[in-house]
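Written out below as structure tokens is the structure these notes cover.
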Amino acid sequence: MADTANESSFVAFERVQKSYDGENLVVKDLNLAMPKGEFLTMLGPSGSGKTTCLMMLAGFETATHGEIKLDGRPINNIPPHKRGIGMVFQNYALFPHMTVAENLAFPLEVRKIGKSDREKKITRALDMVEMGNFGGRRPAQLSGGQQQRIALARALVFEPELVLMDEPLGALDKQLRETLQFEITNLAHRLGITVVYVTHDQTEALTMSDRVAVFDDGRIQQLAPPDQLYESPENSFVAQFIGENNTLEGVIKEVKGDTCIVQLDSGDVIDAKPVNVSKAGERTKVSIRPERVEYNKDRLQEGAHTLKAEVMEFIYMGDIFRTRLKVAGKEDFVMKTRNAPDQVRLTPGSQIEIGWLPDDCRALDA
Amino acid sequence: MTDATAGPRPNSDAGGKDKPSGPMLAADGTSLKSSLARSMRRQKIKALLLVAPLLIFIMITFIIPIGQMLFRSVENQIVSDTLPRTVVALDSWDAESGDPPSQAVFAAMARDMVVATELNNHTSLGSRLNYETTGLSSLFRQAGREVDDFGEDHTDAFEEIDPLWVEPATWVTMFASDNWVEAHAEWAERAEAAGFGFDELPPPFEFSEGVQEPLPRTSAMFADFARVLRVEDEETPAEEEPWNIVYLSLYEDLAADPSAPSAYDGETRALLEEALAITDTMGPFDYQAAFEEIDEDWLGYDLWSTIQTFSPSYTPGYFLASIDRQLTPDGVEVVDDDRKIYGTLFLRTMVMSLMITFSCILLGYPVAWLLANLPMRTANVLMILVLLPFWTSLLVRTSAWKVLLQQQGVINDLLVWLGLVNDASRLALINNQTGTIIAMTHILLPFMILPLYSVMKTVPPSYLRAAKSLGATNWTAFWRVYFPQSVPGIGAGSILVFILSIGYYITPEIVGGTKGVFISNRIAYHISSSLNWGLAAALGSILLALVLVLYWLYDRIVGIDNVNLGG
Ligand SMILES: Nc1ncnc2c1ncn2[C@@H]1O[C@H](COP(=O)(O)OP(=O)(O)OP(=O)(O)O)[C@@H](O)[C@H]1O
Ligand SMILES: [Mg+2]
């Protein structure tokens with residue numbers, strides 16, 4: 001799935017830069033290649049340039065530098081209406097003065113598709129999003145989720161090969177969001193369309209996508225399938241941005257092939273896996289997922305380094321226990337344990353020792 | 001709530017009748033509906049109090065004047081108020097016979113005229129009737145100067161019989177009640193004591209018993225005499241010799257019924273009996289001849305038919321005049337072609353207002369679009385430019401157009417300089433319809449731009465983007481998606497501009513010449529120059545009705561919910 005840029009890709013950003021004001025680069029050197037049929041999500045904090053990228057692809061903004069290619073052809077000079085890209089907007093942008101059916105007919109009419117064909121396609125698209133009976137309604141007479149479905153149907157009705165979605169579920173409640181997430185991915189895979197999806201919500205990104213591009217500061221920080229992104233973040237931004245994460249700072253003492261030894265600022269020494277550090281003496285941030293922290297010595301490797309920890313707080317969350325620890329002078333170290341019959345409930349104030357497998361502790365850039 | 005204190009009764013008390021759901025009861029046992037109504041009532045009163053000042057203000061400054069205008073456009077009491085006797089007497093006159101009315105009508109007219117002249121009402125009546133038939137105004141003014149001499153000879157004859165007849169006291173003794181004499185004496189005393197600046201009206205005249213019956217004409221006339229003296233001069237019959245027409249009336253009373261003096265048993269009975277002799281020496285007064293002597297037209301058909309036609313208290317005459325019609329004894333007639341103006345004016349007002357509205361849309365739409373889509377800072381500067389006209393006097397702006405548009409003005413100079421127009425054939429841009437349209441479009445443009453802008457501001461740019469992403473060209477996206485959503489703004493702006501321009505007055509007056517003026521200019525003319533307020537009111541009412549009809553049509557065609565006046 002994770003093709004490289006060299007392969008003949010469907011959508012390609014090549015060294016794209018964008019500045020709105022001629023002073024600040026909002027997008028800095030963006031390189032991205034997507035094969036046909038991929039569901040790619042752009043994830044990143046607010047203002048990181050996700051919408052800008054989408055708008056450049058759709059043709060509403062022009063790249064200041066670099067080239068955007070669609071199916072091998074540069075599209076910098078093609079106006080938006082000729083790109084044939086479907087788009088779903090965050091506020092749906094359903095035309096309020098037209099009925100649902102008219103909204104769906106719009107892209108077909110401007111393409112001069114005959115009436116009978118048009119009606120067939122509209123019916124098909126509405127059935128696809130399970131809104132077959134709503135053709136005569138006005139957008140204002142629909143609920144948010146229904147409007148979202150119609151917006152989706154409208155973006156798909158003219159059978160584009162590429163569909164862009166800018167935070168399409170942002171305004172919906174959690175339950176509806178989850179239903180629609182499922183429906184959207186399902187549809188996309190069934191129709192074989194290529195989707196670029198923008199979201200703030202990492203769960204959404206992780207559950208829906210083939211690959212996730214994590215944006216920050218106008219650059220892609222990491223482009224990888226969800227599991228890789230979570231388990232092997234390549235830098236500390238990604239590690240912190242995706243999922244919950246414990247960070248400890250220190251200096252590399254020694255690198256031995258696949259593992260390294262890190263001396264924390266508190267003086268303690270731990271095992272870690274070097275990711276983007278190479279030699280002793282470099283500063284590093286090590287990242288450990290809360291669920292990979294272990295306090296049961298039996299489960300740790302022979303001779304592994306351990307850290308002393310004091311239990312600060314124990315939170316019962318149903319399926320898991322969440323324990324806040326004081327580790328190496330930091331009080332926000334979190335450990336998550338599964339609610340199993342043999343699991344001990346730690347009491348605040350008790351002293352324990354914690355450790356982890358060296359592979360679960362990644363030494364990243366400082 | 002007859003049973004408010006008793007509270008809800010237990011169900012078992014219902015006497016076996018099965019009543020599962022009575023009215024819902026509130027905590028204190030009263031019905032929920034009435035306690036809701038009670039709690040709402042206080043809120044309603046509060047709300048009413050809050051709007052009361054505005055409501056009163058609008059009532060006084062808007063509703064009442066409009067009501068008065070509507071009333072004035074049909075009101076016509078001046079004829080029957082000023083000529084009460086004549087209107088009654090004329091009732092039996094058959095206008096179609098072609099003959100002048102009978103002596104009785106002329107006699108009534110003489111009496112009415114004397115009273116009207118003393119009250120100075122005859123000229124306004126003359127002007128009123130002059131709206132309908134020209135020339136009547138001067139007829140009335142002229143007659144006003146002469147009627148007080150009618151019956152002079154009879155007065156002299158009475159004086160000859162007994163000089164007491166020219167003594168005011170004689171008349172008071174004959175007609176006044178003791179009551180009045182007493183009240184009058186007291187009033188005179190107070191006036192004496194107060195001296196200068198005393199402004200109490202004398203007591204209203206009261207007849208003594210048994211005088212009105214034998215002398216009906218005289219007492220009626222004397223009553224008028226006393227009334228006019230009282231309200232016009234603050235005087236009383238005790239100091240003034242009666243009008244000639246009173247003597248004439250007495251003569252006619254005596255001539256008609258020689259037994260009148262014997263039916264009267266007052267102090268002056270002897271005097272009256274003595275006066276009977278006058279019927280032997282003097283003949284009856286020929287009113288018709290007397291009027292004819294003033295002017296032959298008094299015998300003409302026009303005057304009397306006009307009075308007869310307009311004697312009712314309410315008339316459709318003003319409204320008919322507003323649509324170039326005229327009320328004649330034969331019914332409604334179209335006025336002569338050379339007097340037809342209002343139909344043309346109404347039509348011109350409508351057509352030109354439409355043109356102004358249309359040019360405002362054409363010019364305002366792009367500007368509003370720019371305003372709504374430019375970055376904030378630039379848009380603000382542009383907005384100031386749009387609002388600038390509001391901060392300049394209307395007169396200044398209109399006069400500026402005069403300077404710009406005249407034949408030797410800036411625009412013509414520029415066109416000649418550019419070679420677009422020959423110096424000999426400079427364009428006539430002012431004092432005609434072109435001038436009115438140009439100046440009014442400029443003045444009313446902000447009223448189009450502002451609602452348009454406020455609507456466009458609420459149309460998110462994502463609609464246009466969505467349309468384009470769906471494959472629409474720029475034009476299609478605008479026309480099918482953006483434009484329909486700006487229609488409420490166009491509607492609001494058009495209503496504002498159209499209604500404002502339909503009643504506009506200053507600008508057409510200054511730049512419109514004769515060809516470019518509106519109906520409102522004519523209304524203003526009737527209000528301030530010709531003083532024909534009835535016609536002005538009728539024209540105004542028609543204008544109001546037209547606006548309402550157009551508003552209704554607009555609602556039917558476009559739908560008034562489709563209007564967004566901002567927000
Ligand atoms: N039209 C514009 N003119 C000037 N600057 C802009 C414009 N649009 C976006 N920016 C700037 O570009 C940067 C990136 O904006 P962008 O909308 O791409 O962010 P984003 O990643 O989509 O954020 P969010 O998640 O909040 O939607 C921001 O700093 C923003 O202020
Ligand atoms: Mg965005």
Side-chain angles (χ1 to χ4, degrees), chain A residues 20-21 51 54-61 78-99 102-113 121 125 138-140 147 150-160 162-168 196, chain B residues 361 365 368-369 372-380 451-494 554-555 557-567:
Chain A
Y20 283 107
D21 51 10
T51 300
L54 218 58
M55 289 301 159
M56 287 192 289
L57 186 51
F60 297 122
E61 298 290 352
I78 300 179
H81 66 272
K82 290 200 178 136
R83 296 193 182 187
I85 298 176
M87 193 151 182
V88 181
F89 292 83
Q90 176 166 14
N91 58 359
Y92 320 133
L94 293 176
F95 306 141
H97 57 291
M98 300 184 187
T99 63
E102 284 166 350
N103 263 284
L104 262 68
F106 185 82
L108 305 174
E109 275 168 22
V110 298
R111 285 181 172 74
K112 309 231 159 34
I113 291 174
K121 283 178 194 240
R138 291 283 166 113
Q147 291 186 35
I150 300 300
L152 189 63
R154 189 180 65 176
L156 295 174
V157 71
F158 60 99
E159 292 161 19
L162 175 61
V163 175
L164 314 181
M165 306 190 191
D166 191 355
E167 301 189 33
V196 181
Chain B
I361 297 176
Y365 198 93
W369 190 84
N373 288 286
L374 280 179
M376 202 55 163
R377 198 131 49 93
T378 334
N380 280 345
L452 263 178
Y453 165 74
S454 82
V455 168
M456 287 179 173
K457 197 75 193 159
T458 63
V459 180
S462 64
Y463 286 133
L464 270 184
R465 290 187 161 180
K468 284 185 209 165
S469 83
L470 293 170
T473 58
N474 285 340
W475 169 251
T476 315
F478 165 77
W479 182 245
R480 299 245 350 241
V481 174
Y482 194 85
F483 182 77
Q485 296 190 61
S486 64
V487 162
I490 298 183
S494 301
Y554 185 94
D555 187 30
I557 297 167
V558 185
I560 217 68
D561 338 331
N562 258 336
V563 167
N564 187 335
L565 283 168

Note, B:Ser469 side chain near A:Ile85 side chain (heavy atom, < 4.5 Å):
no
Would you mind checking which part of A:Leu164 comes under 4.5 Å of any heavy atom in chain B, side chain (CB onward), backbone (N, CA, C, O), both or neither?
neither
Search all heavy atoms of B:Ala466 against all heavy atoms of A:Arg154 and return the closest pair with its distance.
CB-NH2, 3.6 Å
For chain B, which of A:Phe158, A:Tyr92, A:Phe106 has the most heavy-atom pairs under 4.5 Å?
A:Phe106
Taking side chain as everything from C-beta outward and backbone as N, CA, C, O, which of these in A:Glu109 sits under 4.5 Å from a heavy atom of chain B? Side chain, backbone, both or neither.
side chain
dist A:His97:NE2 -> B:Phe483:CZ (nearest 0.5 Å) comes out at 10.5 Å
Any donor-acceptor pair under 3.5 Å from A:Arg111 side chain to B:Ala472 backbone
no
Nearest 0.5 Å, what's the CG-CZ distance between B:Leu464 and A:Phe95?
8.5 Å
Could you tell me which non-hydrogen atom of A:Met98 sits nearest to which non-hydrogen atom of B:Val481, and how far apart they are?
CE-CG2, 4.4 Å
Once rounded to the nearest 0.5 Å, what's the spacing between atom CG of B:Asn474 and atom NE2 of A:His81?
7.0 Å
Determine whether B:Tyr463 and A:Asn91 satisfy the following criterion, side-chain contact (heavy atoms from CB on, under 4.5 Å), listing intermediate values before the conclusion.
CA-CA 10 Å; B:Tyr463 286 133; A:Asn91 58 359; over 6 Å; no
Specify which of A:Pro96, A:Pro160, A:Ala155, A:Gly86 makes the most heavy-atom pairs with chain B at under 4.5 Å.
A:Pro96
Using the rule given for salt bridge (charged side-chain N to carboxylate O under 4.0 Å, His left out), can you reason through B:Arg465 versus A:Glu61, listing the C-alpha separation, both sets of side-chain angles and the distance that settles it, and then say yes or no?
CA-CA 11 Å; B:Arg465 290 187 161 180; A:Glu61 298 290 352; 3.6 Å; yes
Heavy-atom side-chain contact between B:Lys468 and A:Phe60 under 4.5 Å:
yes
Looking at A:Val110 and B:Thr476, what are the two nearest heavy atoms and their distance?
CG1-CG2, 3.9 Å
